[in-house]
Trainee: 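One structure coming up, written as structure tokens, with questions to follow.
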There are 2 protein chains.
Amino acid sequence: MRPTVHDIAAEAGVSLATVDRVLNGRPGVRQKTVEKVEAAVERLGYVRDVSAANLARGRVYPLLFVVPEGPNSFMRGLEAEIRSAMQRSSAERTSITIETVPPFDPAAIVAVLDQVDPAAVTGVALVAADTPEVSAAVDRLIDKGIHVTTLVSDLPGSRRTHFCGIDNLAAGRTAAGLIGRFCAGRSGKVLVVAGSMALSDHMDRAAGFAAILNSEFPGLEIVGPVETNDDADRVREAVRTAMAANPDIIAIYNLGAGNRGLLEALPQADRGRLAVVVHEVTDVSRKGLAEGLFDAVINQDCGHEVRSAIRVLKARADGLVPLSAQERIRIDIFLKDNLP
Amino acid sequence: MRPTVHDIAAEAGVSLATVDRVLNGRPGVRQKTVEKVEAAVERLGYVRDVSAANLARGRVYPLLFVVPEGPNSFMRGLEAEIRSAMQRSSAERTSITIETVPPFDPAAIVAVLDQVDPAAVTGVALVAADTPEVSAAVDRLIDKGIHVTTLVSDLPGSRRTHFCGIDNLAAGRTAAGLIGRFCAGRSGKVLVVAGSMALSDHMDRAAGFAAILNSEFPGLEIVGPVETNDDADRVREAVRTAMAANPDIIAIYNLGAGNRGLLEALPQADRGRLAVVVHEVTDVSRKGLAEGLFDAVINQDCGHEVRSAIRVLKARADGLVPLSAQERIRIDIFLKDNLP
DNA sequence: CAAATTTTGAGGTACGTAAATCAGAAATGA
DNA sequence: TCATTTCTGATTTACGTACCTCAAAATTTG
């Protein structure tokens, strides 16, 4: 049977109240007594029963999620995952609010962040492009004692508590590894399409991609990245223009959103020559895989990201440091053959 | 505030005791009253506070894991994950025992399964080759009222409660998709190395691989599968022999263990012509990726599998049906660029 | 040394649920 | 109708922890 606080009290030769004071860091205990209790905890291998503790504490964690609105399927999927976490929120003692803001609009995000009430919110998770205004607003939240985690795209210049997302450099490298192997010795150009280089995730992917492609696949040359603001129509036009201008394009890497446009631009006839890698499993990218127009989809599981963000913000609110190993978000690769 | 049993009692106009009887399926409640309570639960959206319930119940779930002994890195990794789950076991109210048995020895597994005491064990998870004796022993456990889940490799002929593992047909298809694309239009032979076709996971992978390779990549022809009983030395010799006999082998798929042997057999000089896909991230396969000898590693996260097995067995012990969507184990693909 | 302060002990209540007892009410059968 | 069975209510204890109060003991300070 696992030890309880009563066992600790008996083992240390002190009262329950003293054990409680030590375990919860309350004042009024002599250093020598603290050590006696800690030794007893060590000897018996006591670990707090979290269920019982939460039950007794009755604490709730009010969290705020800030995500871009608009048609981007990935963001809508992310929002769905947050809503699904809200459903479970009572069981997890969290109380989650979602604020949607116009995409690519730093001022809107800053406005939301600046009116967060530290008394009503213990943690904030946000998806934002990397601009100085947003980083500054995040830092102001941190100064108010609110923990902030970036989601999907990081704000490396800010003092955010944590980043919940994939290693986008590694994602770009992976895309390069796949495209390089899919082209298997052939030479030609690779079109890179991005949403916005202000998004740090897009920038990292482009950098990782370029690093591996240039070093390991010298026969392949990058065209772009072309910026499209994640707009499907602009993706379609950008791809058409680039393909017309560069008949020797043998692969395309869309590291941003707007895959619908890519699907529309890919002439069915040209397939077999073209290796295509995109990001995020959505209805459109599933369709692309199924029809053989996309060869691989690199995915981040936004459900994992949302749950990780919640765990991290809760842990921080309790003054704990989250286990970084457990909070790593993996990069998924899907072919049409292993699509879930 | 989320509703409690007290709220349900008030809402339904019955006593706490009756609510408790209904919620826990105890007898002695008229059908009409049951419906009143269930309606109240529905109206208020009551969900049982699992922490409080477990605390009150004080129930523990004694589980038994049966895994093969021997040097197989994947199995040792699996065992490590089980041991790590044992560490957390008190927090999860489980009490886990591990039994190791000689690999490829059905009689040993049967012996272990047949001496399981239904009073002392509520659930069993096992890794076993698909033989009639083992399936029969599993069915005997089921008859005794013990829930059984297969791990990694399924026993489709048995009445096991659940299978915790990846879709191995899809894994084989994925390997074919990767190898086909890596070979990008070249023609030649693909060597398939397996551990034992008695293992249903190996059989499924081989079948999925053949299906896709034959239908989508007509220029590629399968050699094998060669059986090696997952022994690295036998893998090395099998690969050497096959490569000598078939100079036109342009790809290798090892769907079983023993990657060390494959690594030893791959002459560094021949690289660039050879696409190699193997299974399971281990020290050896990491090395193969890092050195560029392996192109891709298909992985199943055995930590996920162990945790899923525990959740499923606990749920079953409580008479619940686990959510199949949540218990799906994903197929991971690793290149050297996205290795964790 | 006495007074002030700090430290400790003892005990209680609460969280939401499980599980039990026992008395009383309602339904059922003859 | 009464006896019997079935159902229901009221109440209590327990799980392990948090947090509170009040008094007693130990220590420090003047």
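Side chains are part of it too, since the values below use all heavy atoms of this structure and drop only hydrogens, waters and symmetry mates. Here is the naming used below: chain letters follow the sequence lines, and residue numbers restart at 1 for every chain.
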Trainee: Check whether Thr282(A) reaches the backbone of Phe74(A) with its side chain - one donor and one acceptor, N or O, closer than 3.5 Å.
Mentor: no

Trainee: Mind listing the N/O atom pairs, protein and nucleotides 4-7 of chain C, below 3.5 Å?
Mentor:
| unit_1 | atom_1 | unit_2 | atom_2 | d |
| --- | --- | --- | --- | --- |
| dT7(C) | O3' | Arg30(A) | NE | 3.3 |
| dT7(C) | O3' | Arg30(A) | NH2 | 3.4 |

Trainee: Can you give me the closest heavy-atom contact between Leu155(A) and Ala128(A), atom names plus distance?
Mentor: CD2-O, 4.0 Å

Trainee: Which heavy atom of Gly165(B) sits nearest to which heavy atom of Glu305(B), and what is that distance?
Mentor: CA-OE2, 3.4 Å

Trainee: I need the single residue from Ile331(B), Val281(B), Ile166(B), Asp167(B) that forms a side chain to side chain contact (heavy atoms under 4.5 Å, CB included) with Gln300(B). Which is it?
Mentor: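 That would be Ile166(B); it is the only one of Ile331(B), Val281(B), Ile166(B), Asp167(B) passing the side chain to side chain contact (heavy atoms under 4.5 Å, CB included) with Gln300(B).
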
Trainee: Listed by chain and number, what are the salt bridge (Lys or Arg N to Asp or Glu O under 4.0 Å) partners of Asp283(B), not counting sequence neighbours?
Mentor: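 Asp283(B) satisfies salt bridge (Lys or Arg N to Asp or Glu O under 4.0 Å) with no residue once adjacent residues are dropped.
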
Trainee: Give the B/S/- string for nucleotides 10-18 of chain C, one per nucleotide from 5' to 3', where a protein heavy atom under 4.0 Å of the base yields B, of only the sugar-phosphate yields S, and otherwise -.
Mentor: B----BBBB

Trainee: Are Asn24(A) and Arg48(A) close enough that a side-chain donor and a side-chain acceptor fall under 3.5 Å?
Mentor: yes

Trainee: Can you tell which of Gln87(A), Glu79(A), Glu81(A) makes a side chain to side chain contact (heavy atoms under 4.5 Å, CB included) with Arg83(A)?
Mentor: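 Testing Arg83(A) for a side chain to side chain contact (heavy atoms under 4.5 Å, CB included) against Gln87(A), Glu79(A), Glu81(A) leaves exactly one candidate, Glu79(A).
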
